[in-house]
Amino acid sequence: MKKSHPLRRIVLAGAATVSGIVLLLSLKPASDPAAASADGASQQQPAAPQGSGGVQAAGGTEAQTLTGDVVKTDYGNVQVRITVAGGKITSAAALQSPTGGRSTQVSTDAVPKLNRAAVTAGTADIDAVSGATYTSGGYKKSLQSALDKAGAAGAAGATGGGSAEASGTGGGTGGTGGDASGSGAGAGAGAAQAKTVTGKAVTTDYGPVQVRVTVTGGKITKAEAVQQPKGGRSDQISADAVPKLNAAAVAAGNADIDAVSGATYTSGGYKESLQSALDQAGG
């Protein structure tokens with residue numbers, strides 16, 4: 001075949017075309033730019049934030065841990081610490097409670113019950129544990145002070161037993177709440193008024209017992225014995241028992257209080273007179 005033959009030129013041109021195509025293919029990027037861009041975006045996408053324990057989303061209420069006042073009782077100190085979130089008590093614990101001898105056993109039984117009651121009720125208006133009147137009373141007072149620090153007046157009621165009535169009383173306008181601090185004698189138009197009533201005199205084998213109480217917002221804020229057994233050994237028994245009975249009445253908020261050891265008759269008369277006073281107060 002001659003060099004100038006037309007077929008030879010066609011073959012050479014075809015070979016050159018194939019070589020050019022191969023060269024172009026070898027120069028094409030290894031990856032699709034659009035795909036690479038998509039991959040890069042997905043790799044840079046931040047992971048969704050995970051919530052941290054006890055803290056709600058933006059705009060929510062953070063959990064607060066607050067410690068109540070130390071309350072002294074006849075058997076030792078009581079102090080409560082609570083965690084409040086969203087206006088609710090989420091946990092409660094006693095930092096201090098009566099210990100030593102019988103007190104250790106009483107506290108071991110009573111404190112867990114009081115802790116659960118505080119979380120369940122969401123306020124300091126909880127029942128005293130049977131057989132642990134003083135511990136219960138101290139617990140409730142310390143719990144109330146912790147709630148006051150949390151600014152949970154709406155959930156905890158007023159300090160010192162002066163509960164504010166949401167609807168108002170007497171000439172107060174309906175729906176107008178009383179003073180949130182609940183001062184005892186009625187701080188605002190809607191605040192509850194204090195009422196002092198005297199129970200009937202109850203005759204016992206050692207002398208009459210008569211109780212006077214001050215009730216505010218349905219709670220006993222003060223209790224005292226107007227009459228009590230006197231003379232001889234009775235003076236000593238009354239001096240020891242009556243202050244304990246007074247404290248128990250305020251702590252329990254009713255006449256269901258424990259008798260003081262060694263003062264069975266005085267305790268029985270006290271409870272009966274206390275109940276009659278509460279009946280008069282409508283409590």
Side-chain angles (χ1 to χ4, degrees), residues 71-78 97-107 109-110 114 124-142 144 160-163 184-185 192-283:
V71 178
K72 295 181 179 180
T73 75
D74 287 357
Y75 295 95
N77 296 338
V78 179
S97 58
T99 57
R102 167 97 176 134
S103 294
T104 299
Q105 181 180 345
V106 172
S107 293
D109 174 68
L114 292 167
D125 186 16
I126 57 178
D127 292 334
V129 175
S130 178
T133 304
Y134 292 97
T135 298
S136 299
Y139 187 101
K140 293 168 67 175
K141 289 181 181 178
S142 184
Q144 181 65 63
S163 177
Q193 296 292 322
K195 181 188 294 185
T196 299
V197 290
T198 303
K200 67 180 181 180
V202 178
T203 302
T204 74
D205 288 356
Y206 295 94
V209 178
Q210 188 174 27
V211 179
R212 176 185 295 154
V213 296
T214 299
V215 178
T216 310
K219 295 181 179 180
I220 300 174
T221 55
K222 183 180 180 181
E224 57 185 333
V226 179
Q227 295 187 62
Q228 60 195 34
K230 294 181 179 180
R233 170 103 174 122
S234 293
D235 287 336
Q236 181 180 347
I237 293 175
S238 293
D240 174 67
V242 169
K244 295 178 181 178
L245 292 167
N246 292 338
V250 173
N254 55 51
D256 185 18
I257 58 178
D258 294 334
V260 175
S261 178
T264 304
Y265 291 99
T266 299
S267 299
Y270 186 102
K271 293 169 65 176
E272 186 176 345
S273 183
L274 172 59
Q275 184 62 63
S276 72
L278 291 174
D279 291 341
Q280 294 177 52

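Quick caveat: nothing in here was measured; it's all calculated off a predicted structure.
With hydrogens and angles ignored, the 3.5 Å screen pairs no side-chain donor or acceptor of K219 with any backbone N or O of G253. The closest donor-acceptor contact from the side chain of S136 to the backbone of A132 lies under 3.5 Å. A donor-acceptor pair under 3.5 Å links the side-chain atoms of Q280 to the main chain of T198, judged by distance alone. The backbone N or O of N246 sits nowhere less than 3.5 Å from a side-chain atom of E224 that would complete a donor-acceptor pair. Checking side-chain atoms of S238 against main-chain N and O of S234 turns up a donor-acceptor pair under 3.5 Å.
Within the 4.5 Å cutoff, the side chain of T204 has heavy atoms near those of the P229 side chain. Using a 4.5 Å cut-off on side-chain heavy atoms (C-beta onward), V106 and V129 make no contact. Contact of the P98 side chain with the T73 side chain is registered, since non-hydrogen atoms from C-beta on lie closer than 4.5 Å. Counting heavy atoms from C-beta on, the side chains of V211 and L245 never come closer than 4.5 Å. In this structure the side chain of V209 never reaches within 4.5 angstrom of the side chain of Q227, judged on heavy atoms. Residues I237 and Y206 have side chains not in contact (no heavy-atom distance under 4.5 Å, counting atoms from C-beta outward).
Taking all atoms of both residues into account, the shortest heavy-atom contact from A249 to I220 is O-CD1, 3.5 Å. Across T135 and S107, no two heavy atoms sit closer than the pair OG1-OG, 4.5 Å. Closest approach of A201 and Q210 over heavy atoms only: N-NE2, 3.8 Å.
Expressed to the nearest 0.5 Å, how far OH of Y270 lies from CD1 of I257 amounts to 6.0 Å. The distance from the OG atom of S261 to the NZ atom of K244 is 8.0 Å, given to the nearest 0.5 Å. Expressed to the nearest 0.5 Å, how far CD of Q144 lies from CG of D125 amounts to 9.5 Å. Separating the CG atom in D205 from the OH atom in Y265 is a distance of 5.0 Å, to the nearest 0.5 Å. Taking OG1 of T221 as the start and NZ of K195 as the end, the distance is 12.5 Å to the nearest 0.5 Å.
If you check the side chains of T214 and T196, you find a donor sitting under 3.5 Å from an acceptor. If you check the side chains of Q236 and D240, you find no donor sitting under 3.5 Å from an acceptor.
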Self-check item: Step-by-step side chain to side chain donor-acceptor pair (under 3.5 Å) determination, Q105 to D109
Solution: CA-CA 6 Å; Q105 181 180 345; D109 174 68; over 6 Å; no

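Other residues, nucleotides and ligands contribute more than 12 heavy atoms inside 6.0 Å of the NZ atom of K271. Around the CG atom of D127, the shell of radius 6.0 Å holds no more than 12 heavy atoms that belong to other residues, nucleotides or ligands.
With sequence neighbours left out, K200 forms a salt bridge (Lys or Arg N to Asp or Glu O under 4.0 Å) with E272.
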